[in-house]
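Values in this document were obtained by computation on a predicted structure and should not be read as measured data. Just so you know, residue 1 is the first one in the sequence shown, and it goes up from there. Reckoned from all heavy atoms, side chains included, excluding hydrogens, waters and symmetry mates.
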Amino acid sequence: MREINVNEIIPVVRKLCIDANYYIGEDVLDKIKEFYEKEESPTAKEVLSILLENYELAAKEKMPSCQDTGVAVVFIELGQDVHLVGGDFYEAIHEGVRQGYKDGYLRKSLVHDPIIDRVNTKDNTPALIYTDIVPGDKIKITVAPKGGGSENMSEVKMMKAADGIEGVVDFVVDRVRRSGGNPCPPIVVGVGLGGNFEQSALLAKKALLRPLNEKHPEDKWSKIEEEILEKVNNLGIGPQGFGGRTTALGVSIMHKPCHIASMPVAVNIQCHAARHKSSVI
């Protein structure tokens, strides 16, 4: 059993919050450049070039690549041979988020109450934390700041098994069509299939973590991702909604077994600022 003091977690989470907001992933940059070369609309090409310039300036000047620095979604893979000591594990994560958003001058986007008392918590906590227990004696921490514009365009639907894969594809494409320019395209489309109502949504969000240069490990699902991506880009929404064929940079599907009577499908849309950074302790 390996002991890890929770105080070690605080600076790691702090740095991940800052780095995720300042530095966009190479996979996103490469994908935007790839679509820039294929894009036919002059306006869309101009928007894509502005996005690339924005990312370059954010990294150079050490500032957020988007004003919406999001809520801190934190994914934990906790090794079952780790013994956490020195305090409360989740409070350490919250403290890391608190310090990261303060020291990185990142906008605090969380309110105490969703409806009646929408007062800002002023430190972007509590973080939204999802923990998986895995083999080993390490902790993998992933911070994925999630903006509100794209999150608002997400949806869960309890479909019938008889709807089949055609129904799933139609639902995902229609969700993007109804979103228009609101989620700040070019987007990344996370799709969660199976599990149950709440697990499908979590699958869709986890799907957004897969690098854009990696295909689905199963060929049948990889082909469906490509089919959805082509249909989405044929909608003509384009970068920032100005038209063109670059509405989405990628589609990522995660699936799990589900009840024989159910077929939950979730779509979690990510804006072009597809931010997430990981570290292993």
- Please name all residues satisfying salt bridge (charged side-chain N to carboxylate O under 4.0 Å, His left out) with Glu230, sequence neighbours left out, ordered by chain then number.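 Listed in chain order: nothing, the list is empty.
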- Sequence neighbours left out, what passes salt bridge (charged side-chain N to carboxylate O under 4.0 Å, His left out) with Glu34? Give chain and number order.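 Here the qualifying residues are Lys31, Lys38.
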Under a 4.5 Å cut-off applied to non-hydrogen side-chain atoms, are [X] and [Y] in contact?
X      : Y      : value
Val265 : Val156 : no
Glu91  : His94  : yes
Pro145 : Asn21  : yes
Glu218 : Lys223 : no
Glu95  : Ile9   : no
Asn152 : Asn182 : no
Ile129 : Thr131 : yes
Gln240 : Cys184 : yes

- Query: Is there a side-chain contact (heavy atoms from CB on, under 4.5 Å) between Ile141 and Ile281 once you walk through the steps?
  - Reply: CA-CA 8 Å; Ile141 303 172; Ile281 299 176; 3.9 Å; yes
Residue list, ring pair (Phe, Tyr, Trp, His ring centres under 6.0 Å) with [X], at least two apart or on another chain:
X      : answer
Tyr55  : His272
Tyr130 : Phe75
Phe89  : none

Where [X] and [Y] come nearest, the two heavy atoms and their spacing:
X      : Y      : answer
Cys66  : Arg275 : CB-NH1, 4.1 Å
Asn7   : Gly86  : ND2-O, 4.3 Å
Gly243 : Ala44  : O-CB, 3.5 Å
Phe35  : Ala248 : CZ-O, 3.6 Å
Leu193 : Leu203 : O-CD1, 3.5 Å
Ser179 : Ile269 : OG-CD1, 3.6 Å

Salt-bridged, [X] to [Y], with N to O below 4.0 Å?
X      : Y      : result
Glu227 : Lys231 : yes
Lys45  : Glu39  : no
Arg210 : Glu225 : yes

Quick one: [atom1] on [X] to [atom2] on [Y], what's the gap to the nearest 0.5 Å?
X      : Y      : atom1 : atom2 : result
Ile4   : Leu78  : CD1   : CG    : 8.0 Å
Leu249 : Leu29  : CG    : CG    : 10.5 Å
Ile76  : Thr142 : CD1   : OG1   : 7.5 Å
Tyr101 : Leu106 : OH    : CG    : 6.0 Å
Asn54  : Ile50  : CG    : CD1   : 9.5 Å
Lys140 : Ser278 : NZ    : OG    : 4.5 Å

Pair listing, salt bridge (Lys or Arg N to Asp or Glu O under 4.0 Å) test, anchored in [range], at least two apart:
range            : value
residues 109-125 : Arg98-Asp123
residues 14-25   : Arg14-Asp103, Lys15-Asp19
residues 167-185 : Glu155-Arg175, Glu155-Arg178, Asp174-Arg177, Asp174-Arg178

Short question: side chain of [X], backbone of [Y] - any donor-acceptor pair under 3.5 Å?
X      : Y      : value
Asp163 : Lys160 : yes
Asn124 : Ser109 : yes
Ser222 : Lys215 : no

- Message: Is there a side-chain contact (heavy atoms from CB on, under 4.5 Å) between Val143 and His276? Walk through the geometry before answering.
- Response: CA-CA 6 Å; Val143 173; His276 49 86; over 6 Å; no
Do [X] and [Y] share a hydrophobic cluster (ILVMFWY, side-chain heavy atoms under 4.5 Å, transitive)?
X      : Y      : result
Ile133 : Val6   : yes
Leu57  : Ile32  : no
Val71  : Val97  : no
Leu235 : Val168 : yes
Val74  : Leu209 : no

- Message: Taking ring pair (Phe, Tyr, Trp, His ring centres under 6.0 Å) as the cut-off, I'd like each qualifying pair that reaches into residues 169-211, sequence neighbours left out, listed once.
- Response: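 Pairs touching residues 169-211 that pass the test: none.
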- Task: Can you run down the ring pair (Phe, Tyr, Trp, His ring centres under 6.0 Å) pairs that involve residues 230-268, sequence neighbours left out, and say none if there aren't any?
- Result: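 Sorted pair list: His216-His255, Trp221-His255.
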- Task: Apply side-chain contact (heavy atoms from CB on, under 4.5 Å) to Ile10 and Val12, showing your working.
- Result: CA-CA 5 Å; Ile10 297 173; Val12 173; over 6 Å; no
- Glu56 CD: over 12 foreign heavy atoms closer than 6.0 Å: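 At most 12 heavy atoms, drawn from other residues, nucleotides or ligands, come within 6.0 Å of this atom.
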- Message: Counting only heavy atoms not in Lys108 (residues, nucleotides, ligands), do more than 12 fall under 6.0 Å from its NZ?
- Response: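 It does: Lys108 NZ has more than 12 such atoms within range.
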- Sort and list the pairs that fulfil side chain to side chain donor-acceptor pair (under 3.5 Å) and have at least one residue in residues 57-83, not counting sequence neighbours.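 Every pair satisfying side chain to side chain donor-acceptor pair (under 3.5 Å) with a residue in residues 57-83: Gln67-Arg107, Asp68-Arg107.
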- Query: Any side-chain donor paired with an acceptor under 3.5 Å for Thr246 and Tyr36?
  - Reply: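 No donor-acceptor contact under 3.5 Å links the two side chains.
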- Query: Checking side-chain hydrogen bond (donor to acceptor under 3.5 Å, both in side chains) for the pair Ser150/Gln270: CA distance, chi angles, key distance, verdict?
  - Reply: CA-CA 5 Å; Ser150 59; Gln270 171 64 56; 4.6 Å; no
- Query: side chain to side chain contact (heavy atoms under 4.5 Å, CB included) with Glu198: which residues, sequence neighbours excluded?
  - Reply: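 Scan of Glu198 (side chain to side chain contact (heavy atoms under 4.5 Å, CB included), adjacent residues dropped) gives Asn196.
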- Message: Does Val188 form a side-chain contact (heavy atoms from CB on, under 4.5 Å) with Val251? I'd like the steps, not just the answer.
- Response: CA-CA 6 Å; Val188 181; Val251 175; over 6 Å; no
